[in-house]
Amino acid sequence: MKTKILFLFIFFVVTLKSQILTWEPVYFTEDSAVTITFDATKGNAGLAGFSGTVYAHTGVLLANSSSNSDWYAAPQWLNNDDRYKLTKIGDDLYQFVISPSVFDYYSNAPSEKPIDASDEITHLAFVFRNADGTREGKGDGNSDLFIELRTGVNIVVPSERPYKAELNEVFPVTAVGSSITDTLKLYVGEELIHTTTADTITANITADTYKEWIKVVGTTDFEINVVDSFYYYVNPEVVVEDPPADVIDGINYHDDDRTTTLVLYAANKDYVYVIGDFTKWEIDPNYHMKRSTDGARYWLTVEDLNVGQEYAFQYFVDGEIKIADPYTEKVLDPWNDSFIPESVYPDLKPYPSSKTDGIVSVLQTAKQNFDWEVENFDRPSKEKLVIYELLD
């Protein structure tokens, strides 16, 4: 196994009412054991009030995982071996012990995608379930759950990444260092607001702008800086304005080949952002979509695109779900793209691994027209078409 820096265990559990998972020690590596506590009332609360046996469906993400869905060392879905059983420790509280070390546990897992000593584990991945898989404990919006292996400094409050704040809200930030950090510094943007030589740093932050990065830097005895960071965002007031009369639902290209107007039918939703390559996959107040006067559609005009360049993007709806444009002509698929050979589709745009999850849509101005081999094909009338819809 690769050489690892050994850390002194911090023997406490970070207890946060908003966290689905907590773990001890806070810092652990591949060579450490770790005890994970699952609060079934948090996230999607799919196992809240459940009285039967709870199991972990668990694996790891590696440095070379293609997406958050590319798990290694995970068993088949309904593997009910004792190694995956959780221990109930209270009302809706369960513990799961990974021992004698993270690497040993997962390297011995019955999996079709095993790991070995050359692999670098970056995250532990979980879905909790009952015996037959009809009830699942997952994150908000039914997302999978991940714990990142840390190496020096860890922001533990707030637990959400990014953090959604209200304008002028005051919220706490807490970070812990490890045995290798001798000084912790907390920055809001580029402004240093607090320094300590203790192993924990805490400050109250005022969300007085629509987006800002918070960073904690730990200085080590080896003159190495270790960093953890996140950003908060505040929703601007939604601009109510009808889209241009000549646009339709989906991706609308403009004549200058540098502009597109995106239109999403999303009735009864509170807000929508466009996220993607042009936002560095971050929530950006400049990409907060406008809402039509009837409340049914969200729309945004995106400018200054490079002519002919492919851009990957999604809609981020109500801070919970990420979806591709329903009318897009091309998608990036984290589950299936890796099976498309270069000979079938050369130069396929890579999926934005570690930046998002789910299906991603693609837009491209000034696309070349497809070179049809048969130019005089006589299409049947709509009345003679037979259309099948297959739902998985």
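Remark: side-chain polar atoms of N44 are not paired, donor with acceptor, to backbone N or O of N142 under 3.5 angstrom. Within the 3.5 Å criterion, the main-chain N or O of I214 finds no donor-acceptor partner in the side chain of S229. With hydrogens and angles ignored, the 3.5 Å screen pairs no side-chain donor or acceptor of D337 with any backbone N or O of L332. Counting only distance, with no hydrogens or angles, the side chain of K211 and the backbone of I283 share a donor-acceptor pair below 3.5 Å.
Qualifying salt bridge (Lys or Arg N to Asp or Glu O under 4.0 Å) partners for K322, counting only residues two or more places apart in sequence or in other chains: none. Listed by chain and residue number, K164, E169 satisfy the side-chain contact (heavy atoms from CB on, under 4.5 Å) test with E166 (two or more places apart in sequence, or in another chain). In terms of the salt bridge (Lys or Arg N to Asp or Glu O under 4.0 Å) criterion, D81 has no residue partners (sequence neighbours excluded). Under the salt bridge (Lys or Arg N to Asp or Glu O under 4.0 Å) criterion, K367 pairs with E329, not counting sequence neighbours. In terms of the side-chain contact (heavy atoms from CB on, under 4.5 Å) criterion, P350 has no residue partners (sequence neighbours excluded).
Y84 does not carry R129 over the face of its six-membered ring by the limits of under 6.0 Å from the centre and within 45° of the normal.
Within the hydrophobic cluster formed by Ile, Leu, Val, Met, Phe, Trp and Tyr side chains joined at under 4.5 Å, directly or through other members, I359 is accompanied by V331, W335. Other cluster members for F377: V374, joined by side-chain heavy-atom distances under 4.5 Å among Ile, Leu, Val, Met, Phe, Trp and Tyr. The hydrophobic cluster containing V127, built from Ile/Leu/Val/Met/Phe/Trp/Tyr side-chain heavy atoms closer than 4.5 Å, also comprises L61, W71, W77, L78, F146. Residue Y388 belongs to a hydrophobic cluster whose other members are V386, with links defined by side-chain heavy atoms closer than 4.5 Å.
Contact of the V247 side chain with the T301 side chain is not registered, since no non-hydrogen atoms from C-beta on lie closer than 4.5 Å. No side-chain heavy atom of L124 sits under 4.5 Å from any side-chain heavy atom of W23. Proximity of T279 to Y273: side-chain heavy atoms (C-beta onward) are nowhere separated by under 4.5 Å. Side-chain contact between L363 and L262 is present, with heavy atoms from C-beta onward closer than 4.5 Å. Contact check for V153 versus I201: no side-chain heavy atoms found under the 4.5 Å cut-off. Between Y311 and V362, every side-chain heavy-atom pair lies at or beyond the 4.5 Å cut-off. Counting heavy atoms from C-beta outward, I20 and F38 have side chains that approach closer than 4.5 Å. Within the 4.5 Å cutoff, side-chain heavy atoms of T219 are placed close to those of D182.
Sorted by first then second residue, the side chain to side chain donor-acceptor pair (under 3.5 Å) pairs that include residues 244-257, not counting sequence neighbours, are D249-R297, H254-T261, D256-T259. Sorted by first and then second residue, the salt bridge (charged side-chain N to carboxylate O under 4.0 Å, His left out) pairs involving residues 374-390 (not counting sequence neighbours) form an empty list.
Side chains of D132 and T134: a donor on one and an acceptor on the other come within 3.5 Å. Side-chain contact of Y351 with D333: a donor-acceptor pair under 3.5 Å is absent, judged by distance alone.
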### Task
Under the side-chain contact (heavy atoms from CB on, under 4.5 Å) rule, what do D277 and F313 come out as? Steps first, then yes or no, please.
CA-CA 6 Å; D277 291 342; F313 75 98; over 6 Å; no
### Task
Take I155 and R161 through the side-chain contact (heavy atoms from CB on, under 4.5 Å) test and state the conclusion after the steps.
CA-CA 10 Å; I155 297 174; R161 304 288 183 94; 3.4 Å; yes
### side-chain contact (heavy atoms from CB on, under 4.5 Å) evaluation trace for I205 with I193
CA-CA 10 Å; I205 306 299; I193 66 168; 3.5 Å; yes
### Task
Decide yes or no on side-chain contact (heavy atoms from CB on, under 4.5 Å) for Q364 and K330, but give the supporting numbers first.
CA-CA 10 Å; Q364 181 186 21; K330 178 177 178 179; over 6 Å; no
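Taking each heavy atom of A207 and A165 in turn, the nearest pair found is CB-CB, 3.8 Å. Looking at every heavy atom in both residues, P110 comes nearest to R83 through CD-NE, 4.1 Å. The heavy-atom pair separating S65 from D70 by the smallest distance is OG-O, 3.1 Å. Of all heavy-atom pairs between L385 and P380, the closest is CD2-CG, 3.6 Å. Taking all atoms of both residues into account, the shortest heavy-atom contact from A56 to F126 is CB-CD2, 4.5 Å. In terms of heavy-atom proximity, L264 sits nearest to P326 at CD1-CD, 3.9 Å.
A distance of 10.5 Å separates CG in N204 from NE2 in H194, rounded to the nearest 0.5 Å. To the nearest 0.5 Å, the span separating NE2 on H123 from CG on L62 amounts to 11.5 Å. T41 OG1 to L93 CG: the interatomic distance, rounded to the nearest 0.5 Å, is 7.0 Å. S361 OG to Y315 OH: the interatomic distance, rounded to the nearest 0.5 Å, is 6.5 Å. Rounded to the nearest 0.5 angstrom, L145 CG and D140 CG are separated by 9.5 Å. The line from NZ of K280 to CD1 of I275 is 15.0 Å long, rounded to the nearest 0.5 Å.
Atom CG of D294 sits in a crowded spot, with more than 12 heavy atoms from other residues, nucleotides or ligands closer than 6.0 Å. Applying the 6.0 Å contact sphere to NZ of K138 captures more than 12 heavy atoms from other residues, nucleotides or ligands. Within 6.0 Å of the CZ atom in F230, the count of heavy atoms belonging to other residues, nucleotides or ligands exceeds 12. Few gaps surround CG on N168; more than 12 heavy atoms of other groups in view lie less than 6.0 Å from it. Heavy-atom neighbours of K349 NZ from other residues, nucleotides or ligands within 6.0 Å: above the threshold of 12.
Aromatic ring centres of F96 and Y94 lie farther apart than the 6.0 Å criterion allows. For an aromatic pair to be called close, the ring centres must be under 6.0 Å apart, and F171 with Y232 satisfies this.
Of the residues R291, K269, H288, the one that meets the side chain to side chain donor-acceptor pair (under 3.5 Å) test with Y298 is R291.
L186 and W213 fall into different hydrophobic clusters, where Ile, Leu, Val, Met, Phe, Trp and Tyr side chains are chained together by heavy-atom contacts under 4.5 Å. Y271 and W299 sit in two unconnected hydrophobic clusters of ILVMFWY residues. Membership requires side-chain heavy atoms under 4.5 Å apart, directly or through other members. In the hydrophobic clustering of this structure, L192 groups with V217; members are Ile, Leu, Val, Met, Phe, Trp, Tyr whose side-chain heavy atoms approach within less than 4.5 Å, directly or through other members. Linking Ile, Leu, Val, Met, Phe, Trp and Tyr whenever their side-chain heavy atoms come within less than 4.5 Å leaves V263 and V274 in two separate clusters.
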Show every donor-acceptor pair shorter than 3.5 Å between a side-chain atom in residues 237-244 and any protein atom, with sequence neighbours excluded, or say none if there are none.
| unit_1 | atom_1 | unit_2 | atom_2 | d |
| --- | --- | --- | --- | --- |
| D242 | OD1 | T293 | N | 2.9 |
| D242 | OD1 | T293 | OG1 | 2.9 |
| D242 | OD2 | T293 | OG1 | 3.0 |

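Between K113 and D119, no side-chain nitrogen of the basic residue sits less than 4.0 Å from a carboxylate oxygen of the acidic one, so the salt-bridge criterion is not met.
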